[in-house]
Amino acid sequence: MFGFLKKVGDYTRDAVGAANYMTQGLAVTFDHLRRRPITVQYPYEKLIPSERYRGRIHYEFDKCIACEVCVRVCPINLPVVDWVMNKATKKKELRNYSIDFGACIFCGNCVEYCPTNCLSMTEEYELAAFDRHSLNYDNIALGRLPTSVTSDPAVVPLRELAYLPKGVMDPHGVLDTDPRVGKLPSQVLDSLPKAAPEETAP
Ligand code: SF4
Ligand code: SF4
């Protein structure tokens, strides 16, 4: 009889303890319901990509000298530089240029090494397509102006974490005029000691 009562007592104590823990857990859960969600409501809200974001590549046909450096530095030799040698002028004539974004890994090597800076990385990342062949951009598609999160009137642009004011974790409600934490690249440049002017050789 005594053993049975002890078991009932132990069971009751354990049940009360478990209920206590559950109540504490639910209190924390319900406390979270009072907070505003930090979720970015894509596609109505979009985060502004950072300054060095590696998005879709932009290409300027007029600047390209068909040197094929971009092909050599690409991990998969992806850019297709279509040129012919003009025997009369003894110069390369560029015909077409294309990059297949279905295979590109957006490493940025081609942009880094292009000697004429005709390649650049944009902040465009919405490249989804139904047909994989439409991801193969020719020089016309590569040359069009990129879309921008900040210039789209249908989108609320939100700052990424590193660009929020000091101590702020939620991008909602942050004003354009609020200063970001840390310095802008231009401010870092201004804070560097100025190089002494080069002395001219006598
Ligand atoms: S490296 Fe630049 S200039 Fe040379 S072929 Fe590629 S895009 Fe053209
Ligand atoms: S970003 Fe990288 S993978 Fe894409 S074309 Fe340039 S070098 Fe090749």
Side-chain angles (χ1 to χ4, degrees), residues 39-164 171 180-189 192 195 198:
T39 315
V40 176
Q41 298 290 349
Y42 185 90
Y44 310 109
E45 296 176 335
K46 290 178 190 172
L47 288 176
I48 306 169
S50 67
E51 288 137 1
R52 299 186 62 190
Y53 185 80
R54 299 200 297 255
R56 193 262 295 171
I57 296 167
H58 182 265
Y59 169 75
E60 292 170 72
F61 189 85
D62 296 348
K63 280 191 187 173
C64 183
I65 53 174
C67 63
E68 294 191 23
V69 165
C70 51
V71 186
R72 291 194 178 89
V73 296
C74 176
I76 50 172
N77 300 350
L78 182 61
V80 176
V81 190
D82 174 17
W83 58 270
V84 288
M85 179 61 80
N86 186 329
K87 286 187 180 152
T89 59
K90 293 186 179 164
K91 283 184 178 172
K92 287 178 177 176
E93 259 183 31
L94 189 60
R95 292 284 175 86
N96 208 337
Y97 185 94
S98 63
I99 294 178
D100 186 351
F101 288 120
C104 175
I105 58 167
F106 301 91
C107 64
N109 271 4
C110 52
V111 176
E112 287 287 324
Y113 287 94
C114 175
T116 61
N117 286 336
C118 62
L119 295 172
S120 56
M121 289 264 165
T122 69
E123 59 179 54
E124 194 177 315
Y125 55 86
E126 292 161 324
L127 304 175
F130 287 104
D131 179 5
R132 67 170 66 177
H133 301 296
S134 60
L135 290 170
N136 193 359
Y137 281 37
D138 65 1
N139 48 277
I140 310 284
L142 288 169
R144 72 171 168 73
L145 283 179
T147 57
S148 167
V149 170
T150 43
S151 61
D152 187 344
V155 169
V156 178
L158 297 174
R159 294 199 218 172
E160 284 183 346
L161 187 61
Y163 297 90
L164 292 175
R180 62 175 255 190
V181 69
K183 293 178 180 170
L184 290 167
S186 56
Q187 290 167 328
V188 174
L189 211 58
L192 294 175
E198 284 182 26

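Every number for a ligand or one of its atoms is a count from 1 in the order of the listing.
For the atom pair Ser120 OG and Leu142 CG, the distance stands at 10.0 Å (nearest 0.5 Å). For the atom pair CG (Asn139) and SG (Cys64), the distance works out to 9.0 Å, reported to the nearest 0.5 Å. In this structure, the separation between CG on Asn109 and CG on Leu78 is 12.0 Å, given to the nearest 0.5 Å. Atoms CZ and CD, from Arg180 and Gln187 in turn, are 8.0 Å apart once rounded to the nearest 0.5 Å. Note that the CD1 atom of Ile65 and the SG atom of Cys114 stand 7.5 Å from one another [nearest 0.5 Å]. To the nearest 0.5 Å, atom CG of residue Leu135 and atom CZ of residue Arg56 are 12.0 Å apart.
Between the side chain of His58 and the main chain of Met121, no donor-acceptor pair closer than 3.5 Å is present. Here the side chain of Thr116 pairs a donor or acceptor atom with the backbone of Lys63 at under 3.5 angstrom. For the pair Glu45 (side chain) and Val40 (backbone), a donor-acceptor distance under 3.5 Å is absent.
Residue Tyr97 places a heavy atom under 4.0 Å from ligand 1.
Protein heavy atom in closest approach to atom 1 (S) of ligand 2: Gly108 N, 3.3 Å. The protein heavy-atom contact nearest to atom 7 (S) of ligand 1 is Cys118 SG, 3.3 Å. The nearest heavy-atom contact from the protein to atom 8 (Fe) of ligand 1 is Cys64 SG, 2.2 Å. The protein atom (non-hydrogen) at minimum distance from atom 5 (S) of ligand 1 is Glu68 N, 3.2 Å. Scanning the protein for heavy atoms near atom 2 (Fe) of ligand 1, the closest one is Cys114 SG, 2.3 Å. Looking only at protein heavy atoms, the nearest one to atom 4 (Fe) of ligand 1 is Cys67 SG, 2.3 Å.
Residue pairs meeting the salt bridge (Lys or Arg N to Asp or Glu O under 4.0 Å) criterion with at least one partner in residues 90-100, sequence neighbours excluded, do not occur; the list is empty.
More than 12 heavy atoms of other residues, nucleotides or ligands sit less than 6.0 Å from atom CD of Glu126. The neighbour count for Tyr44 OH, taken as heavy atoms of other residues, nucleotides or ligands under 6.0 Å away, does not exceed 12.
Every atom of ligand 1 with a heavy atom of Leu119 under 4.0 Å away is listed here by number and element: 7 (S). Listed by number with element, the atoms of ligand 2 under 4.0 Å from a non-hydrogen atom of Ile57 are 1 (S), 6 (Fe). With ligand atoms numbered from 1 in the order given, ligand 1 contributes 1 (S) to contacts under 4.0 Å with heavy atoms of Val69. Counting atoms of ligand 1 from 1 in the listed order, those under 4.0 Å from a heavy atom of Pro115 are 1 (S). Heavy-atom proximity to Thr116, at under 4.0 Å, picks out these atoms of ligand 1: 3 (S).
Between Phe61 and Tyr97, the ring center distance fails the sub-6.0 Å criterion.
Inside a sphere of radius 2.8 Å centred on atom 8 (Fe) of ligand 2, the protein N/O/S atoms present are Cys74 SG.
Using a 4.0 Å cut-off between heavy atoms, Val71 makes no contact with ligand 1 at all. Residue Ile65 touches ligand 1 through backbone and side chain together, judged by heavy-atom distances below 4.0 Å.
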